[in-house]
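Numbered from 1 within each chain, the chains take letters A, B, ... in sequence-line order. Being a predicted model, the structure only gives us computed values, none of them experimental.
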2 protein chains.
Amino acid sequence: MKKYEEIALDLQKKINKKEFTMKLPTEDQLIHTYQVSRNTIRNAINSLVKIGIVYPIQGSGMFIRPPKKENAICLNGTRGITVDSPSKEISTQVLELKIINADEKLSQSFHCDIGTPIYYIERLRFRDNQPFAIEYTYYNKDIIPYIGREIAEKSIYRYIKEDLKLTFGFSDKYLKVIKLNERDSSLLQLENGDPGLEIEDHVYLNNGQIFNISHIRYNYKLGYFYVSSI
Amino acid sequence: MKKYEEIALDLQKKINKKEFTMKLPTEDQLIHTYQVSRNTIRNAINSLVKIGIVYPIQGSGMFIRPPKKENAICLNGTRGITVDSPSKEISTQVLELKIINADEKLSQSFHCDIGTPIYYIERLRFRDNQPFAIEYTYYNKDIIPYIGREIAEKSIYRYIKEDLKLTFGFSDKYLKVIKLNERDSSLLQLENGDPGLEIEDHVYLNNGQIFNISHIRYNYKLGYFYVSSI
DNA sequence: TAGTGGTCTAGACCACTTT
DNA sequence: AAGTGGTCTAGACCACTAG
């Protein structure tokens with residue numbers, strides 16, 4: 001692991017253990033503690049600023065931000081639901097898993113040729129046994145060569161990162177409120193016509209390839225979301 | 001203005017004018033063009049990465065991301081609606097503007113004493129003459145000493161930045177889907193019980209002071225939102 | 001192998017806050 | 001005046017991509 005990553009992780013641990021009150025140590029102190037250059041310290045701190053856990057005040061210090069509200073799903077970052085709800089039990093029911101060929105619309109979205117094989121997956125996701133969200137997901141099979149039910153029932157993202165050793169780059173998320181159709185509302189155990197939040201997510205690898213497009217419709221009674229901005 | 005800010009602005013202009021295709025020039029080329037150090041170039045590029053308009057591929061270059069969908073309101077950043085809809089006409093009707101004293105709940109949210117004077121403002125906002133969102137907003141009067149109707153009818157954010165010369169730092173946004181009450185739905189020209197997206201926004205200055213808390217309820221037919229993640 | 005971005009070091013001076 | 005983060009320079013070596 002890189003020096004600045006290790007330092008960032010270590011600082012994060014110490015923040016969680018409340019070893020610092022209010023502020024981080026000064027840059028000079030951290031330089032001395034970790035025996036690295038100032039640039040490396042600033043790089044480490046910067047990654048904490050990015051994820052919204054500290055903020056800088058010039059001339060005064062790096063201040064620790066109050067912890068976020070529980071159970072709010074963080075929309076910054078390209079992680080799945082699982083990591084956002086550590087205290088909740090997430091389970092998944094796979095409704096559909098098949099390989100289709102990209103039509104014109106999909107081929108445009110994926111920047112691929114028409115006919116490219118694409119995994120199409122529908123999953124119903126539960127949080128503490130309550131139906132939480134329904135996912136309609138596409139994966140480019142040229143990039144993710146295999147997804148089986150045994151994987152889709154767990155975490156597809158974990159599989160892609162840890163088993164396929166691919167690295168996520170960035171994502172674009174588009175949000176809107178919709179009225180659920182009959183099927184979705186019944187799956188989410190809601191009334192027909194009840195609202196839902198639909199998030200359309202375009203996820204890219206760190207080489208700029210788009211590998212995943214998903215439409216997720218959240219149960220409006222359970223979905224609570226968080227965005228940290230700078 | 002700082003060197004890296006000027007370079008970032010210049011690059012952004014050139015991207016918009018399509019002077020670059022696919023990639024930015026290499027760091028070495030930019031060092032030569034702008035006659036600054038590599039660190040300054042990287043700092044400039046970094047600010048473009050942050051706002052999601054380029055992405056890096058190590059060993060290959062800095063690639064330009066495709067433009068975002070039109071009319072999507074960007075939730076990254078602490079800007080108002082106005083800047084997100086340059087081609088749309090935004091107008092505002094002030095429904096309420098008064099000074100109240102912080103009760104216990106408000107004093108906790110604002111980290112201020114009970115009784116601190118707080119501006120309370122209700123505004124109905126229109127986009128191209130369609131009722132677009134209703135805002136319930138609080139401003140700490142100790143930080144924003146004056147807000148009049150003439151300001152609230154325009155852009156309060158512009159006033160704070162340009163007239164008061166305050167600098168925004170960061171914000172926390174919490175999102176959920178609600179069913180609108182009778183008053184809100186009628187103001188937004190929707191049916192009673194129709195859904196809305198509620199965004200609770202906590203906005204901080206660059207010195208870490210929280211000066212604004214708002215609850216904005218968007219017309220579900222018009223609200224379309226965007227989050228760029230890394 | 002050459003090109004390009006990523007990490008790291010060492011040091012100078014500036015801007016802002018605190019005492 | 002002292003402390004602390006922000007900007008900027010100069011240079012070295014590493015990691016990854018592409019021809």
Rounded to the nearest Å, what distance is computed from the CG atom of residue A/N46 to the C1' atom of nucleotide C/dG6? 14 Å

Over 12 non-hydrogen atoms of neighbours within 6.0 angstrom of CD in B/E150: yes

Spacing between B/R42 atom CZ and C/dT7 atom C1', to the nearest angstrom: 8 Å

Taking the minimum atom-to-atom distance to the side chain of B/Y4, which one of D/dT4, D/dT7, C/dC8 wins? D/dT7

What nitrogen or oxygen pairs link the protein and nucleotides 11-15 of chain C at under 3.5 Å?
residue : atom : partner : partner atom : Å
C/dA12  : N6   : A/R38   : NH1          : 3.3
C/dA15  : N3   : A/Q58   : NE2          : 3.4

Send over the distance from B/L30 CG to C/dT4 P, rounded to a whole Å. 11 Å

May I ask you to evaluate whether A/S60 reaches the phosphate of C/dT17, defined as a side-chain N or O under 4.0 Å from OP1 or OP2? no

How long is the gap from CG on B/L11 to CD on B/E6, to the nearest 0.5 Å? 11.5 Å

What's the closest nucleotide to the A/N43 side chain, out of C/dT7, D/dC8, C/dG5? C/dT7

Is it the case that more than 12 heavy atoms not belonging to B/H32 sit under 6.0 Å from its NE2 atom? no

Atom-pair distance (OH on B/Y34; C1' on D/dC8), nearest Å: 17 Å

Any strand: nucleotide that pairs with D/dG19 via Watson-Crick or wobble, under 3.5 Å: none

Rounded to the nearest Å, what distance is computed from the CD atom of residue A/Q209 to the C1' atom of nucleotide D/dT17? 13 Å

So, is A/K23 close to the D/dT4 phosphate, meaning a side-chain N or O under 4.0 Å from OP1 or OP2? no

Given B/R158 and B/D163, is the salt bridge (charged side-chain N to carboxylate O under 4.0 Å, His left out) satisfied, shown in steps? CA-CA 8 Å; B/R158 202 206 51 73; B/D163 297 340; 3.8 Å; yes

Euclidean distance, atom CG of residue B/L24 to atom P of C/dG6 [Å, nearest integer]: 12 Å

Which nucleotide, C/dG5, C/dT9, D/dG5, lies nearest any side-chain atom of A/E27? D/dG5

Take atom CE in B/M22; do more than 12 heavy atoms of anything else shown fall under 6.0 Å from it? no

A/D28 CG - D/dG5 C1' separation (whole Å): 10 Å

Count the heavy atoms belonging to other residues, nucleotides or ligands that lie under 6.0 Å from CD of B/Q35, then report whether that count exceeds 12. yes

Below 4.0 angstrom from OP1 or OP2 of D/dA15, is there any side-chain N or O of A/K2? no

Nucleotide nearest A/S37 when distance is taken to its side chain, options C/dT17, C/dC8, D/dT9: C/dC8

If we ignore hydrogens and angles and just use 3.5 Å, is the side chain of A/S107 paired with the main-chain N or O of A/G115 as donor and acceptor? no

B/N207 vs B/M62, nearer the 5' end of DNA chain C by closest nucleotide: B/M62

Nearest nucleotide by nearest heavy atom, which residue falls closer to the 5' end of DNA chain C, B/P25 or A/M1? B/P25

Think A/T40 has a side-chain N or O under 4.0 angstrom from the OP1 or OP2 of C/dT9? yes

Consider only side-chain N and O atoms of B/Y157 and B/N212, and report whether a donor and an acceptor are under 3.5 Å apart. yes

Let me know the distance between CD1 of B/I45 and C1' of D/dC8, rounded to the nearest Å. 16 Å

